[in-house]
Amino acid sequence: MRRLLIILGVLVLAVAVAFGGMWASTGRSQLARAFFWGDSDTGDWQRFPFRRVSTAAPAPIPSAPAALPGLDERALAAGGTNAFLVVRDGKLIYEKYFNGTRRDSTLTSMSVAKSVLSLLVGVAIGEGRIASVDDPITAYVPELRERDPRFTRITLRHLLAMRSGLRYDDEGTPFSDDTSTYYSPDLRGLAIGGAEVEGEPGQGFRYNNFNPLLVGLALERTTGMKVAAYLERKLWRPMGMEGDGSWSLDSAEGFEKMESGVNGRAVDFAKLGMLVAARGKWNGTQLVPEAWITEPNTPVTAPNGWADGYQHFWWSRGPARIASGRYGQVIYVLPGKNLVMVRLGADTGGRAWPAYMEELAQSMT
């Protein structure tokens, strides 16, 4: 019996050491992250390392509260909403926080980060750093051509429209593409060595997180800056964001998580929507080329059921432009009404939130 207890104790100790070692490796192991962190959630921004995006001279959005009869605060709170804001004609007419969130709380945006990345690509094109959205990705990441000549047919436009023809496995297994593009500690290496051409570019829509990784890599190389630093210099500081933001990284001092990692205050996400509503202009300065904002969206044939267009990592629903992320992170922009709505929360909601915002916009005169 004593011998059995000793053996059992040794086994328990070995398992504990192995478990602890695996836990300690979450900073450098995709498998450890997938095992301990499980599926993504809106608290992941506190797990990943990040690169700070600092503000300079905060300039709050002017406040002009107004009644919104079509808005149900109890439904917002019950639906897992953390922040809901409405900006009309440059003024904050509604601002409410739920479930312990405050105005100065840092919230994550999930795939809204793709839309932020798109704005930066527009800036880089306006500055001549990126020659054309119709350039092949191999003009900026030539290593891809060495792996497979078919990459020369994939343009930045194809990537930004999710029509690249790249393979994507989103089954959610520990080593699926979906898991790898979220949890890999080396997203640069994954983008260059893991993306595989499967079909002809431009032929069909396929939501694929390799696309923003490759676009972000091209942006980093052409600007000579970390993408978070470029965001800080070109948008965050010029727009007088109210608080510091951040961009989650794959690893310490690593690569920004282009597909999901922008974090900040809800009011600052509203400002990004205001920039789109103003066709890229802020306080008289054209920060993003107008043509980049207003280019017509490409129709999609995706089984999402609510968006009828997708271009430059932005969805469209009729005249609205929508940045959308998992768990119901939404920036809804209606340029014709100079109207912006932001919903950030902890549940999915899916297509329900843009539809809800559309109904709310229709109720506003």
Side-chain angles (χ1 to χ4, degrees), residues 22-23 25-51 79-83 99-101 105-117 162 166-191 194-195 206-216 227-228 245-252 254-264 266 269 302 304 313 315 322-331 342-354:
M22 192 173 179
W23 172 263
S25 69
T26 52
R28 60 183 185 278
S29 168
Q30 173 181 321
L31 180 60
R33 290 173 173 179
F35 180 80
F36 286 107
W37 297 352
D39 199 8
S40 66
D41 63 60
T42 54
D44 283 346
W45 70 273
Q46 298 177 81
R47 297 188 178 107
F48 287 104
F50 62 87
R51 189 163 285 127
T81 299
N82 290 329
N99 302 312
T101 302
S105 295
T106 295
L107 301 172
T108 196
S109 66
M110 303 307 289
S111 284
V112 170
K114 296 179 178 70
S115 304
V116 177
L117 174 61
M162 297 291 184
L166 295 177
R167 182 210 71 224
Y168 197 69
D169 166 20
D170 57 4
E171 291 302 314
T173 62
F175 293 102
S176 69
D177 294 326
D178 204 44
T179 301
S180 295
T181 54
Y182 189 77
Y183 278 144
S184 171
D186 180 16
L187 290 175
R188 288 191 190 90
L190 179 68
R206 180 73 168 92
Y207 200 83
N208 183 333
N209 283 331
F210 278 114
N211 295 336
L213 291 181
L214 291 171
V215 170
V227 176
S246 66
W247 205 318
S248 299
L249 305 176
D250 57 0
S251 57
F255 190 53
E256 285 82 354
K257 285 173 53 60
M258 303 297 169
E259 87 299 341
S260 67
V262 177
N263 316 299
F269 286 114
N304 53 69
F313 292 154
W315 297 95
I322 303 164
S324 177
R326 194 175 186 184
Y327 307 114
Q329 322 313 318
V330 180
I331 303 176
V342 171
R343 187 270 179 186
L344 300 173
D347 77 318
T348 298
R351 63 186 183 183
W353 291 112

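Residue numbers start at 1 and run along the sequence shown.
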_Closest contact, heavy atoms only, S40 versus M110_ = OG-CE, 4.0 Å
*Does R51 make a cation-pi contact with W247, if we ask for NZ or CZ under 6.0 Å from the ring centre and within 45° of the axis?*
no
_For A252 against P49, the heavy-atom pair lying closest together_ = N-CG, 3.6 Å
*Which atom pair, heavy atoms only, marks the closest approach of G261 to A113?*
N-CB, 3.5 Å
_Electrostatic pair D44:R326 at N-O distance under 4.0 angstrom_ = no
*Okay, side chain of R343, backbone of I331: is any donor-acceptor separation there less than 3.5 Å?*
no
*With R188 via side-chain hydrogen bond (donor to acceptor under 3.5 Å, both in side chains) - residues at least two apart*: E220
*Could you state the interatomic distance from CG (N82) to OG (S105), rounded to the nearest 0.5 Å?*
8.0 Å
*Report the residues that fulfil side-chain hydrogen bond (donor to acceptor under 3.5 Å, both in side chains) with T101, sequence neighbours left out, ordered by chain and then residue number.*
none
*Counting only N and O atoms by type, is there a donor-acceptor contact under 3.5 Å from the side chain of T179 to the main-chain atoms of T173?*
yes
*Measuring from N211:CG to L166:CG, what's the distance to the nearest 0.5 Å?*
5.5 Å
_Residue pair V227, M258: steps toward the side chain to side chain contact (heavy atoms under 4.5 Å, CB included) verdict_ = CA-CA 9 Å; V227 176; M258 303 297 169; 3.3 Å; yes
*Is there a donor-acceptor contact under 3.5 Å from the side chain of Q329 to the main chain of G345?*
yes
_My understanding is that only residues two or more places apart in sequence, or in another chain, count here; which of them pass side-chain hydrogen bond (donor to acceptor under 3.5 Å, both in side chains) with S248?_
N263
_I'd like to know whether L117 forms a side chain to side chain contact (heavy atoms under 4.5 Å, CB included) with V215, so could you lay out the CA-CA distance, the side-chain angles of the two residues, the decisive distance to 0.1 Å, and finally the verdict._
CA-CA 8 Å; L117 174 61; V215 170; 4.1 Å; yes
*Only counting residues at least two apart or in another chain, list the ones meeting side chain to side chain contact (heavy atoms under 4.5 Å, CB included) with D170.*
Y168, D178, R206
*Which residues pass the side-chain hydrogen bond (donor to acceptor under 3.5 Å, both in side chains) test with E259, sequence neighbours left out?*
K257
*Can you tell me how far CG of L187 sits from CG of L249, rounded to the nearest 0.5 angstrom?*
9.5 Å
*Would L344 and V342 satisfy side chain to side chain contact (heavy atoms under 4.5 Å, CB included), going step by step from the backbone distance to the final call?*
CA-CA 7 Å; L344 300 173; V342 171; 3.9 Å; yes
*Side chain of T108, backbone of W45: donor and acceptor closer than 3.5 Å?*
no
_Has D250 got a side-chain atom pairing as donor or acceptor with F255's backbone, closer than 3.5 angstrom?_
yes
*Less than 4.5 Å apart, any side-chain heavy atom of F175 and any of L31?*
yes
*Any donor and acceptor pair, going by atom type alone, linking the side chain of N99 with main-chain N or O of T81 inside 3.5 Å?*
yes
*asked:* Quick check: closest heavy atoms across L213 and A191, and the distance to 0.1 Å?
replied: CB-CB, 3.9 Å
*Taking side chain as C-beta onward, heavy atoms only, is W353 less than 4.5 Å from D347?*
yes
*Between the main-chain N or O of S111 and the side-chain N or O of S260, is there a donor-acceptor pair closer than 3.5 Å?*
no
*If you measure only the distance, is there a donor-acceptor pair under 3.5 Å linking the side chains of K114 and N209?*
yes
_Residue among D169, L190, N208 satisfying side chain to side chain contact (heavy atoms under 4.5 Å, CB included) with D177_ = D169
*Candidate pair F210 and R167, rule side chain to side chain contact (heavy atoms under 4.5 Å, CB included), full reasoning*: CA-CA 9 Å; F210 278 114; R167 182 210 71 224; 4.3 Å; yes
*Please identify each residue that fulfils ring pair (Phe, Tyr, Trp, His ring centres under 6.0 Å) with Y183, with sequence neighbours left out.*
W37
_When you compare the side chain of T42 with that of L107, does any pair of heavy atoms fall below 4.5 Å?_
no
*Hey, are the side chains of P185 and R33 touching, using non-hydrogen atoms and a 4.5 Å cut-off?*
yes
*Donor + acceptor pair across side chains of S180, Q30 (<3.5 Å)*: yes
*Do W315 and P354 have side chains that get closer than 4.5 Å, going by heavy atoms?*
no
